[in-house]
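What follows is one structure encoded as structure tokens, with my remarks underneath.
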Amino acid sequence: MRSTRATAEMEASVLSIRDLDVRFRTQAGELHAVRRVSLDIARGDTLAIVGESGSGKSQTMLAALGLLASNGIVAGSAKLDGVEMVGASQKALDRLRGRRVAMIFQEPMTSLDPLYTVGSLLVTTIKRHQGLGAAAARAKAIAMLARVRIAEPEARLSSYPHELSGGQRQRVMIALALANRPDLLVADEPTTALDVTIQAEILELLAELQAEMGMAIAFITHDLGIVRRFARHVAVMRGGEIVETGPTHDVFANPRDAYTRELIDAEPSGRKMPIVADAPILLEARDMRVHFDLRLGFFGAKRLAIKAVDGVDVQVRAGETLGIVGESGSGKSTLARALVRLAPAAGLVRFEDRALLPLSKAQLRPVRRSLQLVFQDPYGSLSPRLTVGEIVSEGLRVHSPELSANARDARAAAALEEVRLDAALRHRFPHEFSGGQRQRIAIARAIILRPKLVLLDEPTSALDRSIQKTIVELLRELQAKHGMGYVFISHDIATVRAMADRIAVMKDGKIVEEGPTETLLGHPQADYTRRLLAAAALERGTARPI
Amino acid sequence: MVGFALRRCLGAVPTLFAVVTLAFFLMRLAPGGPFDLERPLEAKIMENLQRVYGLDRPLHEQYLRYLANLLQGDLGPSFFMRDFTVGQILMQGLPVSMALGASAILLALVVGTGLGAFAAWRQNSAADHAVVGLATAGVTIPNFVVAPVLQIVFGLGLAWLPVGGWNDGAVRNAILPVIVLALPQIAVVARMIRAAMIEALRADHIRTLRSLGLGTFIVVVHALRGAMLPIVSYLGPTAAALLTGSVVVETIFGLPGIGRYFVEGALNRDYTLVMGTVVVVAVFVLVFNLVVDILYAALDPRVRYE
Amino acid sequence: MNAGANSLWGDARGRLAANRAAVASLVLLAAIALVCIFGPLLGAHDYDRVFPDYVRAPASFAAQPTPDRIEPGLARVAARLRAQATDIAATGDMLRVTLEGRQPLDERALAFFERSDLFGPANVVERREGGRILVVDVALERNRFLFGTDGNGRDLLARTLVAGRVSLAIGLLATFVAIAIGVAYGAVAGYFGGRIDAAMMRAVDVLYALPFIFFVIMLVVFFGRNFVLMFIAVGAVEWLDMARIVRGQTLSLKRREFVQAAEVLGVGHAGILARHIVPNTLGPVVVYTTLLVPKVILLESFLSFLGLGVQEPMTSWGVLIADGARNIQGNTHLLVFPALFLTATLFCLNFIGDGLRDALDPRDR
């Protein structure tokens with residue numbers, strides 16, 4: 001019966017949004033998040049809603065499904081198969097949600113109740129919407145878990161979310177959402193929090209399930225690679241409005257809106273200038289190891305050693321950029337931390353002419369001036385109770401104590417100018433700045449000391465694509481000007497390609513392959529490197545559709 | 001789990017030992033002694049008394065002897081109530097204090113959870129504001145104000161309930177003291193549950209339940225279970241304190257619990273009685289810390305018995 | 001991690017100002033504090049002056065002596081003169097009284113009028129029968145006892161205000177000590193971690209397991225005669241919660257990247273603690289402070305209730321409430337007024353604490 005109806009209404013929209021308006025009441029006043037958005041999703045179609053953070057893309061769909069936070073106000077209309085959802089009672093919505101429309105979210109870590117087993121949630125959902133008995137619902141739940149390719153589905157029913165990996169959790173979310181074969185699946189950045197190889201698997205799974213079940217998908221994302229690869233239609237959002245919409249192919253081939261063009265061009269481009277051949281070696285690490293001892297059991301009787309970095313050799317010359325690529329847990333961040341002695345390491349680390357590891361804290365202090373680190377999270381790396389000027393000039397307090405407060409302030413102003421921020425802003429506090437601006441502040445804090453080597457730990461991955469591009473350009477420009485060496489750590493191949501002279505690929509604490517950027521990316525030798533590049537290409541949208 | 005509990009019990013022994021040691025020497029540092037009466041005793045009598053109770057020995061010897069006796073479960077004779085051992089005194093009072101305290105905790109848990117959950121569900125409504133106001137009143141009005149007021153109203157004015165006395169544990173006699181004990185706890189529990197529920201209702205995983213159309217009842221159950229976790233850690237020390245008696249409530253209502261022995265014992269320098277109460281309270285605190293840990297691990301699958 | 005969580009005092013102030021309960025509480029608390037500090041300077045009566053004629057006078061706006069007190073009062077003075085008072089005629093604040101004794105009256109004894117709390121000096125208008133009968137003009141001494149008087153005939157208003165000074169001072173002093181110790185202890189334990197942390201926190205566990213009342217009573221025994229010292233000591237006991245809170249904060253702060261960034265810059269331990277850790281624990285500390293002040297005030301009241309607190313003639317809200325609770329039958333004003341001041345203060349502090357918590361962490365609640 002279901003299939004006959006589906007054929008009859010093939011061309012009709014499953015979801016039809018008209019003049020949807022979302023406002024949030026906040027302490028700071030009203031926030032107009034979505035402005036009169038109208039869009040349609042055809043039965044069985046895939047619509048990508050694209051935009052950068054704050055564009056209102058998630059709020060549009062949350063509002064349509066009645067899932068907004070309690071301070072949100074919705075106006076307009078959102079009809080699911082002709083049934084109005086805006087302003088519908090919680091009870092009426094509960095008859096649609098989970099049965100006709102379902103949603104999966106960005107954060108697989110927090111989207112599942114940590115106190116309940118996977119099975120209890122899945123069985124409850126199936127029982128509620130299909131009116132099955134406990135045994136039948138359980139059988140369906142097992143089948144569903146198997147369908148999303150969770151190994152040993154029966155055993156997994158009694159697992160708690162924290163016992164699953166991020167990818168597995170997202171599979172469970174998909175199983176929950178599709179358990180009752182909805183007509184529409186809303187996927188809100190479902191792969192953003194996952195590693196590239198896992199991302200590729202989840203996307204494949206979704207495509208497969210769509211082919212099998214025929215539901216429409218509204219895919220909310222900031223990643224144009226996914227859009228190109230995955231969506232038949234696309235709607236580009238900016239500032240709460242839809243700026244362009246149409247078939248994906250057309251929009252990418254002939255973007256009519258300036259903002260769409262900007263988004264498409266936002267991939268970091270250009271290459272780094274090569275260094276002179278006989279540049280002196282700045283940093284050299286031999287057989288570097290970072291092992292963490294976990295003590296478990298009675299009086300720490302049981303010990304579990306985690307080899308985060310396991311015998312790594314690296315070398316950086318003056319003015320050179322070494323890119324380190326790897327997925328989460330590969331040890332690439334730990335390596336950077338250990339190089340500046342934030343993590344305890346063994347082996348040999350030589351910076352210029354000194355071995356770093358045996359130095360005491362006091363002996364290390366003068367070296368720190370030449371060896372700086374920029375962190376990934378621009379929100380966490382700036383002290384919230386200090387002004388930007390104080391933050392930027394903090395290194396001078398330590399390394400140039402002879403400077404007066406005025407002289408420090410002048411240097412801070414100059415450093416901010418150098419990273420293209422208005423020096424007058426130095427009396428403000430970090431929370432008044434955007435993510436990209438904060439990352440500039442963090443860079444200013446590092447370069448104010450005129451270091452010889454800067455370790456950049458995923459400096460762009462918390463930022464929107466268009467911002468990433470400007471940060472990459474800024475970093476290259478500063479390098480050309482001051483001749484600093486960089487160690488650039490990233491999981492994003494496109495960014496590393498635009499930054500690095502040489503690339504090292506890390507996995508499980510070891511370097512699996514190393515070589516000049518173009519050689520390594522063009523002719524990967526190691527198996528893992530090939531898989532990583534394949535997954536990244538898929539994400540970039542350059543691979544062929546399956 | 002049994003292994004975990006055993007390990008934790010062993011871990012508590014040094015703490016208990018430190019508590020006993022600290023209390024013993026603090027007590028002895030205080031000026032005065034158990035036989036300093038208003039009219040000084042004759043030197044001879046004093047000497048005899050001191051010898052009988054072993055107070056003439058060097059302090060460290062007394063301490064070691066106390067520890068040795070304690071290990072055998074002997075808390076020693078009371079200096080002030082000469083015909084009783086501390087063990088007897090405590091065993092008489094403890095059941096009274098525990099009965100009152102346990103009832104108060106139960107009442108606080110049931111009423112506080114209900115009020116808090118209701119207020120959170122209807123956040124910013126008039127009912128919510130009323131609960132918050134009442135809870136603030138419960139925390140701020142001292143029990144020695146509430147107790148006489150309740151006595152006046154229900155004991156003397158309406159004459160529904162007796163003003164005081166234990167009456168062998170008659171329910172009528174226990175009602176007012178239990179209410180006085182429970183009121184501030186109801187207030188705290190209601191506030192905590194409300195705050196935790198509001199937080200929980202905003203959590204991502206509650207949004208997931210909503211997105212699956214599972215209905216209000218299931219949403220509330222999930223949110224409440226998450227909100228109960230902080231209460232568990234709060235109730236541990238609170239239970240230990242309530243079960244070991246309240247000076248104020250026992251004094252005002254004339255109840256034979258052990259709460260008042262803290263004060264009487266300390267003021268009379270009844271060394272053994274004070275040490276006895278200290279040991280009892282410390283054991284309760286440590287036991288309830290353990291109970292909290294076990295309960296927490298039972299309620300939250302993310303916590304392991306380690 | 002959003003901008004709100006990093007927000008600063010400026011934003012917090014704005015949000016606090018939008019919280020009506022907190023603002024009203026701030027105003028009321030300021031009013032109570034000002035009245036307690038300056039009220040006794042302006043008021044008519046000293047807090048320790050005894051009016052033997054006005055024992056347990058009820059609270060009233062009317063000026064004392066009330067008409068029903070005049071005759072018994074006159075009779076009392078007349079009895080000391082060995083005379084009887086007759087023909088009492090009142091005009092405004094003046095009385096004309098005829099005193100009649102068996103023997104001629106000693107006019108020096110008219111000083112008894114002035115010594116009473118009801119009357120001013122007496123002037124003889126007329127002498128009859130060789131001084132056996134005197135007609136005198138007596139001024140009435142007007143007194144107002146808005147809150148009534150206590151069992152010793154002391155003005156409860158004056159006593160309540162002076163008690164407020166004591167209670168508030170004790171609350172602030174002990175809280176300050178507790179915060180100072182707790183923040184330093186918790187920050188050091190949390191920052192250095194490892195064995196130092198384990199040892200420091202085990203010590204806290206031991207102190208937690210000691211019955212609090214035992215501690216306080218020991219302190220009373222030590223410092224009983226000096227309540228300032230005693231409350232410094234109480235503060236020295238109340239720091240345990242603070243230390244745990246700050247330690248927890250520090251543990252999570254030191255993993256934050258801005259602390260590591262400071263380490264990479266070469267900032268030393270002291271600099272990191274002072275510039276990066278402690279300032280960021282201040283939110284919860286401020287909130288806890290507003291909740292600790294009422295706790296300490298309650299503790300003082302509790303000790304006074306047990307008779308271990310402030311000693312007469314000095315007084316505190318706790319002393320007054322204990323006194324009121326003992327005499328509650330027929331003398332409700334003795335309980336009502338001090339209890340009103342105490343609970344109003346505690347209410348205000350609680351609402352301010354809640355308001356601050358919401359203001360500093362807008363995501364919560």
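None of the values given here were measured: they were computed from a predicted structure. The sequence lines fix the lettering, A, B, ..., with proteins before strands; numbering per chain opens at 1.
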Return the [atom1] to [atom2] distance between [X] and [Y], rounded to the nearest 0.5 Å.
X         : Y         : atom1 : atom2 : result
Leu335(C) : Phe144(B) : CG    : CZ    : 10.0 Å
Phe347(C) : Thr136(B) : CZ    : OG1   : 5.5 Å
Asp205(C) : Asn289(B) : CG    : CG    : 7.0 Å

Just wondering, are more than 12 heavy atoms of other shown residues or ligands nearer than 6.0 Å to CZ in Arg122(B)? no

Contacting moiety of Leu207(C), where chain B heavy atoms sit under 4.5 Å: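 It is the side chain, since no backbone atom gets that close.
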
For Leu342(C), is it the side chain, the backbone, both, or neither that has a heavy atom closer than 4.5 Å to a heavy atom of chain B? side chain

Which portion of [X] sits near chain C, non-hydrogen atoms under 4.5 angstrom:
X         : answer
Leu26(B)  : both
Ala137(B) : both
Val283(B) : neither
Ile152(B) : side chain

Among Ala241(B), Gly259(B), Ala147(B), Pro142(B), single out the residue with the greatest number of heavy-atom pairs under 4.5 Å to chain C.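 Max contact count across the listed options: Pro142(B).
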
Residue pairs fulfilling salt bridge (charged side-chain N to carboxylate O under 4.0 Å, His left out) with at least one residue in residues 273-283 of chain B, sequence neighbours excluded: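 Sorted result for residues 273-283 of chain B: empty, none.
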
Any side-chain heavy-atom pair from Thr343(C) and Val145(B) closer than 4.5 angstrom?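 When only atoms from C-beta onward are counted, Val145(B) and Thr343(C) do not touch, as no gap falls below 4.5 Å.
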
To check you understand the geometry: which heavy-atom pair defines the closest contact between Val19(B) and Ala209(C), and what is its length?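 In terms of heavy atoms, the two residues are closest at CG2-CB, 3.7 Å.
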
Test side-chain contact (heavy atoms from CB on, under 4.5 Å) applied to Val206(C) and Thr15(B), Val20(B), Leu16(B), the passing residue: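 Only match with Val206(C) under side-chain contact (heavy atoms from CB on, under 4.5 Å): Thr15(B).
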
Can you sort out the partners of Asn350(C) under side-chain hydrogen bond (donor to acceptor under 3.5 Å, both in side chains), two or more places apart, ordered by chain and number? none

May I have the step-by-step check of side chain to side chain contact (heavy atoms under 4.5 Å, CB included) for Val139(B) and Leu346(C), ending in yes or no? CA-CA 9 Å; Val139(B) 180; Leu346(C) 301 184; over 6 Å; no

